[in-house]
Structure formats: C-alpha cells, structure tokens
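This report concerns only the one structure given below.
Bear in mind the structure is a predicted one, so any value in this text is a computation, not a measurement. Values below: every heavy atom of this structure, side chains too, minus hydrogens, waters and symmetry copies.
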Amino acid sequence: CVAPGEDEMTSKVVNARTVVSLTFDDTLADQFQVGDMAAARGMRVVFYVNSPRFGTSGYMTKAQVIALEQQGHEIGGHTLSHANLPTLSDAGARTEVCNDRAALLAQGFRVTSFAYPFGADNTSVQQIVKDCGYNSARDVGGLRSNGACPGFPWTKPVPPANLYMIRTNDSIHSDTSLQVIEQYVIDAEQNGGGYVPIVFHHVCDGCDPDSVSAATLAAFLDWLQQRAPATQVGTVDQEIGGAVLPPVTNPPTTTNLAKNPSLE
C-alpha cells in the first residue's frame with residue numbers, strides 16, 4: 001500500500017459519475033492489439049511509452065504508436081529508460097522526463113500525461129514532471145485493492161486534487177481475476193463515484209507476471225461497455241485537459257524540438 005497524503009485519508013468522494021482510464025505502460029509490443037480491441041467498443045485508452053524503445057526487440061514500432069494515436073488513443077510519456085526517478089539526481093530525473101517528452105513531441109505525438117516507472121515518485125519528482133511540461137502524472141497504488149489497504153480511499157475525485165499523484169488500485173497481474181478488476185470499478189461506483197485509472201502491462205497468456213490475457217481484457221471491456229453511461233471510459237488527457245505545453249530539455253536547447261510547436 002502506498003501511503004496516501006493527508007488530503008486523501010477518506011473512504012468516499014462524491015461525484016456525479018465514475019470514470020475509468022485504461023492505461024498500458026512500457027511500450028510493450030503485445031499491447032498493440034489493444035488499440036483495435038478498445039476502438040471496436042468505442043473506447044479510447046492510454047499508452048505510456050518510452051521513446052528510445054520504438055522498434056527495439058519486444059517493443060512497439062514508431063509506426064504502431066502512430067497508428068494507435070490515429071485511432072484516438074492517448075500517447076503519454078514514461079521516461080527515456082524506465083528509470084526509478086527518486087533514485088536519481090534532480091538533473092538525471094529531468095533528463096529522463098523532459099528529454100523523453102521532447103523526443104515524443106518532435107515525432108509529432110500529442111503528449112500531456114506521464115506515468116512514473118515503478119509507480120515511484122516524491123514531491124521533488126512531481127515538480128520535475130510538472131516543469132517538463134506535463135499536465136498530470138499517474139502513480140501506482142494508493143487506492144484499496146482487493147481487500148488490501150483498509151482505510152484508504154476507494155476512488156479519487158474527477159479530476160484528482162493532486163494532478164501529479166493520480167492514485168490507482170494495484171496494477172493488474174497474471175493472477176488478477178476478471179472479477180477483481182471489475183470490483184475496482186464497482187467499489188468506486190458504490191462509494192460516491194470518481195476516477196479509476198487501471199494499470200496494465202503485458203497483454204498475453206501468462207508470458208509475464210505483470211500481464212493480462214487478451215480474453216480477460218476483452219471480457220472486461222465488454223463488461224465496461226454495458227455500464228455506460230453511468231460509468232464512462234476516457235483517456236487521462238480527456239479527464240485532466242489542459243494545453244499541450246512546449247518541449248523542455250535538460251540541458252536546455254535553443255531550438256524548439258517540436259515539428260509543429262504551435263500544435264494547430
């Protein structure tokens with residue numbers, strides 16, 4: 001359980017709706033199938049990618065990531081090397097976060113949200129992510145998960161109070177049942193509604209401990225579709241909003257790295 005802040009020690013928030021963001025970390029090649037799976041059900045999801053991984057073994061190609069964005073899915077940042085940011089110097093963390101975002105912008109992606117590798121952050125890292133031009137950052141943990149973390153909140157307001165510490169349930173593992181994933185949403189619905197980001201990694205049949213099978217994911221998407229309109233699926237950018245800010249690099253550069261910096 002990730003200890004919540006003082007403003008988070010509540011078991012219930014009151015919202016008019018429940019919003020689920022389906023987020024997929026690490027640029028993994030087996031995630032590409034999710035684009036069609038979600039789009040076929042009218043849903044848009046979030047892929048948190050590491051720009052140097054494009055086209056390397058086991059990871060999606062740049063063309064695949066472009067195709068996902070063209071389907072309406074969100075592309076977010078996840079550092080250059082999947083670094084554990086609190087273990088780095090401030091300069092090292094800025095390089096990981098800022099230069100990855102600048103590289104994604106330079107390749108034409110609309111990048112506004114970030115996910116901390118390993119769910120690892122602190123107040124200094126949160127400020128660095130903000131300084132690098134991100135409008136939000138997703139953590140891992142901090143909400144009740146399958147009976148764990150009693151006393152922690154079931155969900156967060158829409159949008160969360162701290163946009164750079166967006167809490168989640170535990171990430172999905174190969175032994176996480178469909179019923180448990182559904183319960184994360186039900187718990188939010190029954191406790192005032194709110195924001196439920198769900199963290200996925202591999203999409204495969206047991207290829208990794210941090211995985212969900214395509215069949216389980218498809219069943220979850222079908223189940224979510226039936227809960228609309230009271231429960232909605234949206235990307236982080238849709239829920240948080242905000243302008244696409246210019247790239248920032250470490251060390252600073254004198255030229256704008258974005259192909260279309262004004263982002264018309």
Under the disulfide (SG to SG under 2.5 Å) rule, what pairs show up with a residue in residues 169-245, not counting sequence neighbours?
-> Cys204-Cys207
Tested for side-chain contact (heavy atoms from CB on, under 4.5 Å) against Phe47, the lone hit among Leu22, Asp25, Thr235, Val34 is Val34
Separation between CZ (Arg17) and CD (Gln232), nearest 0.5 Å, reads 5.0 Å
Under the 6.0 Å and 45° cation-pi test, does Arg101 pair with Phe114?
-> no
State whether the side chain of Asn135 and the backbone N or O of Val244 hold a donor-acceptor pair below 3.5 Å, judged by distance alone.
-> no
Can you name the side chain to side chain contact (heavy atoms under 4.5 Å, CB included) partners of Asp131, sequence neighbours left out?
-> Arg94, Gln127
His82 versus Asn50, side-chain donor and acceptor atoms under 3.5 Å = no
Give me the other members of the hydrophobic cluster that Tyr59 sits in, counting Ile, Leu, Val, Met, Phe, Trp and Tyr linked by side-chain heavy atoms under 4.5 Å, directly or via other members.
-> Leu28
Exercise: identify the closest heavy-atom pair between Leu245 and Leu105 = O-CD1, 4.0 Å
Thr23 pairs by side-chain contact (heavy atoms from CB on, under 4.5 Å) with which of Val45, Val199, Ile166?
-> Val199
Spacing of CZ belonging to Arg41 relative to CD belonging to Gln226, to within rounding of 0.5 Å | 10.5 Å
Do Ser51 and Asp100 meet the criterion of a side-chain donor-acceptor pair at a distance under 3.5 Å?
-> yes
Take Ile66 and Phe109, measure what side chain to side chain contact (heavy atoms under 4.5 Å, CB included) needs, and give me the verdict at the end.
-> CA-CA 8 Å; Ile66 289 172; Phe109 296 106; 3.7 Å; yes
Is the centre of the Tyr116 ring less than 6.0 Å from the centre of the Phe118 ring?
-> no
Taking atom types as modelled, is there a side-chain donor on Glu239 or Ser21 under 3.5 Å from an acceptor on the other?
-> no
